Amino acid sequence: MTVLAVALVAGVLVFAVVRPRRLPEIVAAAPAAVVVLATGLVTPAEAWDEVSEMAPTVGFLASILVLAHLADAMGVFTWIAGRLRRGARGDPKRLLTLVFAAAALTTAVLSLDATVVLLTPAVIATARSLRMDPRPHSYATAHLSNTASTLLPVSNLTNLIAFSATGLSFLHFTAVMALPWAVAILVELILFRVFFRRHLVRPEAEPEPKRDPPAPVVALSIIAATLLGFAVSGFVGVAPAWVAAAGAIVLGVVALRDGRTSVGRIVYSIDVWFCGFVLILGVVVAGVANGPIGEWIATRLPTDTSFTALLTMAVVAAVAANLVNNLPATLLLLAALGPHAPTGLVLAMLLGVNLGPNLTYVGSLAIMLWRRVAARAGSPADLRTFTLLALVTTPLTLLAAVVALWACEYLLTARG
């Protein structure tokens, strides 16, 4: 039965990577969930518990996908591209730094899907308009969609899934993860500039002048208000999904009033099939988590928050993310850690499942999606370049982030 559970998870993930005939991931996940239930790997009660636990996370995902679409429709990413173009001043190194900043903020506030789907094409087009090689900047959006997703509980689905297990408030989570977030981004920027040094050469020809688009003040204000809502939601007992939904509704009314989008486009942006896939995936993974493999992992994970324990937890999580994808890895490791795991270990696990996926194409759904988006934008990913870059950046950024997390844990313990 254990072999069957592993085979089902593997089959779903392979299907999600390959996507034959561009079929949605749920085409494989739904039958796998039926098999898991039919064979008794997961009981109906356990499946219902998984779905109930994941429902708020999926609701948030749907709302944030709509919010990202509306931000794009209101010209937010066109405006960002204009600011990148002007701020670069013809220097590809300067553009790379600005892309890092834009991708880090977009990932943190609007989630990694917005960075991959909306910012990546804008960045590639900006680099081309400046007669620069788009590859360093495109790879930056891919890496930052993972690296920069550790700051807020709402920056990544993995964070949302694990948020309650940390026992922290929204602001406390952000405060603890701010240093690891900043350190990882800084280390990765330095490594990117070294790795792509031959590509970051100022072009000889001057780009054609373009007029900067006006700032979408209303859209930016609504997004800022939504972010503020996330920060205060914990104090009033409101789930982040409701805050995201409120922001999407307000911005949707404005966008529809101004003729920037349509009801059909808004509904399409929800990506119902993908949301369903995320919801069902928890049931499929539970077949592994509830069996001997889950028990074996649980007995071998660290139980304290020493530096060695935090680093071990992060490395295990990173390896798991690249073996089974970061969402299943998060579900599996949370079950193995149990409900009373130290907060530091849960946060170290998040560093592993968020930064670790930069190592392979299958590490996260964001990287899978980025490959398709970059190819459509005319700058397809190269496996050799991706792998070499990953081998250089991923271990060092993960190590730097764990050191920063340990430092925060040490300071908090010393004050206590």
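Hydrogens, waters and symmetry mates are skipped; everything else that's a heavy atom, side chains included, is used. In this text the structure is predicted, and so the values were computed from the model without any measurement.
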Pair Phe307-Val402, side-chain contact (heavy atoms from CB on, under 4.5 Å): steps then yes or no: CA-CA 8 Å; Phe307 174 74; Val402 172; 4.0 Å; yes

Trp181 vs Val176, side-chain contact (heavy atoms from CB on, under 4.5 Å): CA-CA, chis, key distance, verdict: CA-CA 9 Å; Trp181 178 78; Val176 173; over 6 Å; no

Closest heavy-atom contact between [X] and [Y]?
{"X": "Ser269", "Y": "Leu65", "result": "O-CB, 3.4 Å"}
{"X": "Ala374", "Y": "Ile124", "result": "CA-CD1, 4.2 Å"}
{"X": "Leu200", "Y": "Pro92", "result": "C-CG, 3.4 Å"}
{"X": "Met177", "Y": "Thr150", "result": "CB-O, 3.3 Å"}
{"X": "Leu37", "Y": "Ala47", "result": "CD2-CB, 3.7 Å"}
{"X": "Ala241", "Y": "Gly59", "result": "CB-C, 4.2 Å"}

ring-ring contact (aromatic ring centres under 6.0 Å, His included) partner of Tyr139, the single match among Phe192, Phe100, Trp370: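 Checked Phe192, Phe100, Trp370 against Tyr139; only one passes ring-ring contact (aromatic ring centres under 6.0 Å, His included): Trp370.
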
Taking the side chain from [X] and the backbone from [Y], do they hold a donor-acceptor pair closer than 3.5 Å?
{"X": "Arg197", "Y": "Val194", "result": "yes"}
{"X": "Trp79", "Y": "Pro216", "result": "no"}
{"X": "Ser155", "Y": "Leu152", "result": "yes"}
{"X": "Asn322", "Y": "Ala318", "result": "yes"}
{"X": "Ser145", "Y": "Ala142", "result": "yes"}
{"X": "Ser379", "Y": "Ala375", "result": "no"}
{"X": "Arg128", "Y": "Gly378", "result": "yes"}

To the nearest 0.5 Å, what is the distance between [atom1] on [X] and [atom2] on [Y]?
{"X": "Phe195", "Y": "Leu391", "atom1": "CZ", "atom2": "CG", "value": "9.0 Å"}
{"X": "Thr166", "Y": "Leu345", "atom1": "OG1", "atom2": "CG", "value": "12.5 Å"}
{"X": "Met349", "Y": "Leu301", "atom1": "CE", "atom2": "CG", "value": "10.0 Å"}
{"X": "Thr303", "Y": "Met313", "atom1": "OG1", "atom2": "CE", "value": "11.5 Å"}
{"X": "Leu399", "Y": "Thr394", "atom1": "CG", "atom2": "OG1", "value": "12.5 Å"}
{"X": "Leu251", "Y": "Arg260", "atom1": "CG", "atom2": "CZ", "value": "10.5 Å"}

Should Ile190 and Arg193 be marked as a side-chain contact (heavy atoms from CB on, under 4.5 Å) after you check the CA-CA gap, both sets of side-chain angles, and the distance that decides it? CA-CA 5 Å; Ile190 294 171; Arg193 290 189 61 164; 6.0 Å; no

Could you point out which residue of Asn156, Thr115, Asn159 forms a side-chain hydrogen bond (donor to acceptor under 3.5 Å, both in side chains) with Ser149?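 Looking at Asn156, Thr115, Asn159, the match for Ser149 under the side-chain hydrogen bond (donor to acceptor under 3.5 Å, both in side chains) is Asn156.
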
Is there a side-chain contact between [X] and [Y] in this structure, where contact means two heavy atoms from C-beta onward sitting under 4.5 Å apart?
{"X": "Met74", "Y": "Asp258", "answer": "yes"}
{"X": "Asn146", "Y": "Leu355", "answer": "no"}
{"X": "Ile266", "Y": "Leu256", "answer": "yes"}
{"X": "Leu168", "Y": "Leu347", "answer": "yes"}
{"X": "Phe196", "Y": "Thr385", "answer": "yes"}
{"X": "Thr174", "Y": "Pro153", "answer": "yes"}
{"X": "Val154", "Y": "Phe163", "answer": "no"}
{"X": "Leu227", "Y": "Ile223", "answer": "no"}

Any chance the side chains of [X] and [Y] put a donor and an acceptor closer than 3.5 Å?
{"X": "Asn326", "Y": "Ser364", "result": "no"}
{"X": "Thr141", "Y": "Thr120", "result": "yes"}
{"X": "Asn354", "Y": "Thr158", "result": "yes"}
{"X": "Thr147", "Y": "Glu188", "result": "yes"}

Quick one: sort the Tyr361 and Phe386 rings into parallel, tilted or perpendicular, breaks at 30° and 60°.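 Ring orientation, 0 to 90° scale: tilted.
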
Using the six-membered ring wherever Trp is involved, compare the ring planes of Phe277 and Phe274 and label them parallel, tilted or perpendicular (cut-offs 30° and 60°). tilted

Val116/Leu119 under side-chain contact (heavy atoms from CB on, under 4.5 Å): CA gap, chis, key distance, verdict: CA-CA 6 Å; Val116 170; Leu119 186 62; over 6 Å; no

If you look only at pairs with a residue in residues 135-160, which of them pass as a salt bridge (charged side-chain N to carboxylate O under 4.0 Å, His left out), with sequence neighbours excluded? Asp133-Arg135

Qualifying ring-ring contact (aromatic ring centres under 6.0 Å, His included) pairs, either residue in residues 332-356, two or more places apart: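 Every candidate ring-ring contact (aromatic ring centres under 6.0 Å, His included) pair involving residues 332-356 fails, so no pair, neighbours aside, qualifies.
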
Passing option when Leu398 is tested against Thr393, Leu351, Asn358, Val403 for side-chain contact (heavy atoms from CB on, under 4.5 Å):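 Only one option passes, and that is Leu351.
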
For the [atom1] atom on [X], are there more than 12 heavy atoms of other groups (residues, nucleotides or ligands in this structure) within a distance under 6.0 Å?
{"X": "Arg198", "atom1": "CZ", "result": "no"}
{"X": "Arg376", "atom1": "CZ", "result": "yes"}
{"X": "Arg94", "atom1": "CZ", "result": "yes"}

